[in-house]
Amino acid sequence: QVQLVESGGGLEQPGGSLRLSCVASGNIFSIDMGWYRQAPGKRREFIARITSAGNTLYDTSVKGRFTISRDNAKNTVYLQMNSLKPEDTAVYFCNTIPNQPTWGPGTQVTVSS
């Protein structure tokens with residue numbers, strides 16, 4: 001397992017942008033990685049995936065607005081979030097795919113005017 005630490009969240013207005021980072025404690029170059037989020041009172045949900053080869057997949061709720069990317073040299077996965085909406089408010093997590101049982105602390109994203 002690798003330890004994962006997310007960062008980059010904050011308070012943003014609707015229509016704004018944020019970039020999240022997920023730093024792993026070890027090499028992730030051969031591992032598919034994903035971003036997830038959990039809104040208050042809801043279950044954690046999948047939003048984006050990037051394969052070890054760099055192919056991407058998105059949930060329909062974020063497709064066209066969010067972009068997942070990776071920098072294997074830095075053991076880091078990013079989530080560029082544009083055109084933010086209030087319904088994007090959640091704690092955002094990253095994990096390997098398949099998921100390892102230990103999740104990072106997440107980073108809070110709040111979209112509000």
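Residue numbers start at 1 and run along the sequence shown.
The hydrophobic cluster of V5 has no other members, since no ILVMFWY side-chain heavy atom comes under 4.5 Å of it. In the hydrophobic clustering (ILVMFWY side chains linked at under 4.5 Å, chained through shared members), F29 stands by itself. The other residues sharing a hydrophobic cluster with L18 are V2, L4, L20, I28, I31, M33, W35, I47, I50, Y58, V62, F66, I68, V77, L79, M81, L84, Y92, V109, V111, where clustering joins ILVMFWY side chains under 4.5 Å apart.
Residue pairs meeting the side chain to side chain donor-acceptor pair (under 3.5 Å) criterion with at least one partner in residues 23-32, sequence neighbours excluded, are D32-R49. The salt bridge (charged side-chain N to carboxylate O under 4.0 Å, His left out) contacts involving residues 101-113 comprise nothing, where partners must be two or more places apart or lie in separate chains. Note on residues 73-83: pairs passing side chain to side chain donor-acceptor pair (under 3.5 Å), not counting sequence neighbours, are S17-N82, Q80-N82. Applying the disulfide bond (SG atoms under 2.5 Å apart) definition to pairs two or more places apart or across chains, those involving residues 81-113 are C22-C94. Among pairs with a residue in residues 87-110, those fulfilling salt bridge (charged side-chain N to carboxylate O under 4.0 Å, His left out) read R37-D88, R65-D88, at least two apart in sequence or across chains. Residue pairs that meet the side chain to side chain donor-acceptor pair (under 3.5 Å) test with at least one member in residues 5-16, sequence neighbours left out, do not exist here.
P86 places a side-chain heavy atom less than 4.5 Å from the side chain of P14.
Applying the salt bridge (Lys or Arg N to Asp or Glu O under 4.0 Å) criterion to R19, with sequence neighbours excluded, gives no partner residue. Remark: A53 engages T51, N55 in a side-chain contact (heavy atoms from CB on, under 4.5 Å) (not counting sequence neighbours). Applying the ring pair (Phe, Tyr, Trp, His ring centres under 6.0 Å) rule to Y36 yields the partners F46, W103; only residues at least two apart in sequence or on another chain are considered.
Heavy atoms only, all atoms of each residue included: R70 and N72 are closest at NE-OD1, 2.9 Å.
Judged by distance alone, the side chain of T89 and the main-chain N or O of T110 form no donor-acceptor pair under 3.5 Å.
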